[in-house]
Amino acid sequence: MLEGCGSVGRAAALAWVLAGAVACADKELTPNDTDAGGDGPGCAMEVLFVDADLDGFGDSDLPEEACVNTPGHAAVGGDCDDTDPRVSPNANEICNGIDDDCDGGVDRGLLVDVWSDLDGDGYGDPETFEQVCAAEAHHVRDDSDCDDTDPDVNPDGVEVCDGRDQDCDDLVDEDATDFETFYADVDGDGMGDPLEPVLACPGASGVTDNDWDCDDLDGGTPLVVDAGESGTGTLSDPLGSIQEGVDQALAAGGMACVVVQPGRYSESVDLSAGEVSVVGVEGAENTVVDGTGLDEPVLVLGAENQSATLVEGLTLTRGTPQRTTFEIDILGNRSDLVRDAGAGVYASGARATLRGLHITDNRILDPELEDYVQSDGRTVQVSWEGLGGGVFSEGGTLVMEDCLVWANEAQVGGGVFADQALSVLHTQFLENLATDVGGGLAGRGATMTVENSVFAGNLADDAASVYAADSAVLLSQITVNHDVPDVSGGALVVVERSLGLWTNLLLSTDTGSGVRVEDANTTITLDGVLFDVPEDTRSAPPGALYVAGAIEAAPIFLDFSDDDIASNDDLHLDPDSPGVDAGLSGRDTDGTVADLGAYGGVLGDW
């Protein structure tokens, strides 16, 4: 007999099991009670929990004493939502905003952190934190955007100069891609230290856009000059003349520097009182010193200028030569030698550098002096010489770099004359005139080094390009084109009683010969040369001139027009020129064998 609720038949019990009905309805039985018929014990009772959703877990807040296995009840509580059979302690947690497994946490372990990405750059706004099942549109799993309104601003952004933090590193305009080069301005005078370049944004503090300062620890240096002004020498209140700036700079002591603003200055400038730097900051094309009518050389240098003197970025034009009269008395016979020298630059005993100067239209003309009679009745014979129309240097060391010596005139050395040490680099000698010798350059008793320079359109009776007597001459990577020796038998280069080592020259002219050595006391070694001359390429006594690697051919320049205007020509070699890779020594900047001429060799890139 089935145990259960009283005396019920087997068929009835089976129906109860199959129907899931309560067989003990309307019975108030306690454990071990018997049914009304006394046939057996009553139902087993225990505390159950209402299980409305029939998921096997009841609502812990709804306990009831009921028969074991009472339908709609469960022996285990813990159901946190008894209306949903998918929610119970035995359920798997899914991300749906519900505590599926009744552990007290909604979507525990399944949520992801997201932040708003309104600008769509893939980086989120740290102020918009959310936890969601999956990132929706305009949300990302990143919180590093510092401006979610601008897609160009994020940790992967490119920093530019605009006063904003594009790459979200809490720094503004650092390492900007559009940095410009400025110069440190420690002393705050508006002029920067050329040795302290700084990459920065416009408007950055402590820097300036120029490199004019020669002493960035002294706010009073350099002094500034601007033509026509009458100030105190600051950048905002400049002086009006270069000489005024030089005098005040030297008087102040310390490093004497003068910055010259662009303009035209009608004056001559004497630097001979001491070491000084004078720089035209906008270059020679824009800064002209005109000595017209002043009866003085445009620039004077003296023995107090020693090594630290620099003149840069000026045009020096229309000066008057320095006149010196040498009285000569031989056995009671008096004569005068009148020397006019250096109408553009007159340097006596100076050690100085001339850089980026245009020295032009300075002329020393024969004054046609006459003999005269002294008070004692004796006649004084007068002779004259004019030396160095553009530049005259004696008794010192002059360095010339990146200069243009153009359309100057003298008797000897129409462009430049030297009687001591002269070093020339990257300089053009164009259309200068010597009424005797040395149209471009002349030296007597000098040590002259000329490298990577051009002589073109110069004219002289003889030695249209270079003349040297009693000198040591080093010529390296020189182009001579269309210089004209005017006398029969004249040459481009003439030397006497001199020593020379010349390499990789290019000598081209329509008139005269290439090189002439006047005497057996001269020794010249010429390694690598292209001759393009109508007469004998060279003339020398036996043993005086040694030539190796000579080529006789037209040079073929990139752009040469026979219009007698040398400044119109580009004398770089055409790739098909026979002078390309024809040097006997040295290498070009690209590592190949040196080309002949001014634009070959390691210094040929200018």
Side-chain angles (χ1 to χ4, degrees), residues 49-62 74 76-185 192 196-209:
F49 302 91
V50 174
D51 180 15
D53 57 10
L54 300 178
D55 60 3
F57 294 87
D59 186 340
S60 297
D61 293 331
L62 297 175
V76 180
D79 198 333
C80 52
D81 184 355
D82 204 31
T83 67
D84 188 343
R86 294 169 298 179
V87 176
S88 72
N90 199 39
N92 292 322
E93 189 76 12
I94 61 175
C95 200
N96 55 7
I98 299 172
D99 181 9
D100 300 281
D101 58 2
C102 297
D103 64 353
V106 176
D107 299 335
R108 189 191 301 275
L110 300 176
L111 294 174
V112 293
D113 298 342
V114 298
W115 290 265
S116 175
D117 178 24
L118 297 180
D119 58 14
D121 61 4
Y123 297 87
D125 182 348
E127 302 297 326
T128 61
F129 171 71
E130 297 179 64
Q131 285 190 318
V132 297
C133 294
E136 299 178 351
H138 303 298
H139 289 77
V140 292
R141 299 189 65 180
D142 176 90
D143 65 347
S144 57
D145 203 335
C146 53
D147 184 351
D148 202 34
T149 66
D150 188 341
D152 293 327
V153 176
N154 56 62
D156 199 34
V158 177
E159 196 75 17
V160 296
C161 290
D162 62 356
R164 302 170 62 203
D165 178 14
Q166 267 89 10
D167 56 5
C168 298
D169 61 357
D170 296 325
L171 300 174
V172 174
D173 294 346
E174 91 293 350
D175 298 327
T177 57
D178 56 349
F179 269 163
E180 299 176 19
T181 299
F182 294 88
Y183 298 88
D185 181 19
E196 292 293 337
V198 177
L199 291 175
C201 292
S205 62
V207 299
T208 186
D209 61 357

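What's counted below: heavy atoms across the whole structure, side chains too, no hydrogens, waters or symmetry copies. All values reported here derive from a predicted model rather than from experimental measurement.
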Residue list, side-chain contact (heavy atoms from CB on, under 4.5 Å) with Thr177, at least two apart or on another chain:
Val158, Val160

Can you name the side chain to side chain donor-acceptor pair (under 3.5 Å) partners of Asp162, sequence neighbours left out?
Gln166

Using modelled atom types and a 3.5 Å cut-off, is there a donor and acceptor pairing between side-chain atoms of Asp125 and backbone atoms of Ser116?
no

Enter the distance from Tyr123:OH to Asp148:CG here, rounded to the nearest 0.5 Å.
12.5 Å

Taking every non-hydrogen atom, the tightest pair across Asp145 and Asp121
OD2-OD2, 2.9 Å

Any donor-acceptor pair under 3.5 Å linking the side chain of Asp100 with the backbone of Ala91?
no

I would like to know whether Val76 and Phe57 meet side-chain contact (heavy atoms from CB on, under 4.5 Å); could you show each step before the answer?
CA-CA 5 Å; Val76 180; Phe57 294 87; 3.8 Å; yes

Passes side-chain contact (heavy atoms from CB on, under 4.5 Å), Asn96 versus Cys133? Steps please.
CA-CA 7 Å; Asn96 55 7; Cys133 294; 6.0 Å; no

Do Pro202 and Phe182 have side chains that approach each other closer than 4.5 Å (heavy atoms only, starting at C-beta)?
yes

Look at the side chain of Asp117 and the backbone N and O of Gly122, then say whether any donor-acceptor pair between them is shorter than 3.5 Å.
yes

Are Glu159 and Asp167 close enough that some pair of their side-chain heavy atoms sits under 4.5 Å apart?
yes

With the side chain counted from C-beta on, respond yes when Asp185 and Val207 share a heavy-atom pair under 4.5 Å apart, and no when they do not.
no

Give a yes or no answer on whether the side chain of Asp142 reaches the backbone of Gly124 with a donor-acceptor pair at less than 3.5 Å.
yes

Nearest 0.5 Å please: distance from the CG atom of Asn154 over to the OG atom of Ser144.
7.5 Å

Which atom pair, heavy atoms only, marks the closest approach of Phe179 to Cys161?
CD2-SG, 3.9 Å

Taking atom CZ of Arg86 as the centre, does the number of heavy atoms from other residues, nucleotides or ligands within less than 6.0 Å exceed 12?
no

Does any N or O in the side chain of Glu130 come within less than 3.5 Å of the main-chain N or O of Val114, such that one atom is a donor and the other an acceptor?
no

Would you say Asp53 and Thr83 make side-chain contact, with heavy atoms under 4.5 Å?
no

Checking Asp99 side chain against Gly104 main chain: does a donor-acceptor pair fall under 3.5 Å?
yes

Is the side chain of Asp107 donor-acceptor paired with the backbone N or O of Gly97 at a distance under 3.5 Å, no angle test?
yes

Assess whether side-chain contact (heavy atoms from CB on, under 4.5 Å) is satisfied between Thr181 and Val198, documenting all intermediate values.
CA-CA 6 Å; Thr181 299; Val198 177; over 6 Å; no

Going by side-chain contact (heavy atoms from CB on, under 4.5 Å), name the residues that satisfy it together with Asp147, two or more places apart in sequence or in a different chain.
Thr149, Asp150, Val153, Arg164

With distance as the sole test, does Arg108 use its side chain to make a donor-acceptor pair with the main-chain N or O of Asp103 at under 3.5 Å?
yes

Does any part of the side chain of Val87, heavy atoms only, come nearer than 4.5 Å to the side chain of Cys102, both counted from C-beta?
yes

Does a side chain donor of either Asn90 or Ser88 reach within less than 3.5 Å of an acceptor in the other side chain?
no

Evaluate side-chain contact (heavy atoms from CB on, under 4.5 Å) for Thr128 paired with Trp115, printing each intermediate quantity in order.
CA-CA 5 Å; Thr128 61; Trp115 290 265; 3.9 Å; yes

Do Leu110 and Glu93 touch side chain to side chain, with heavy atoms closer than 4.5 Å?
yes

With a 4.5 Å heavy-atom cut-off, do Asp169 and Pro155 have their side chains touching?
no

Looking only at heavy atoms, what is the nearest atom pair of Gly77 and Pro89, with distance?
O-CG, 4.4 Å

Tell me, do Arg141 and Asp113 make a side-chain contact under 4.5 Å, heavy atoms counted?
no

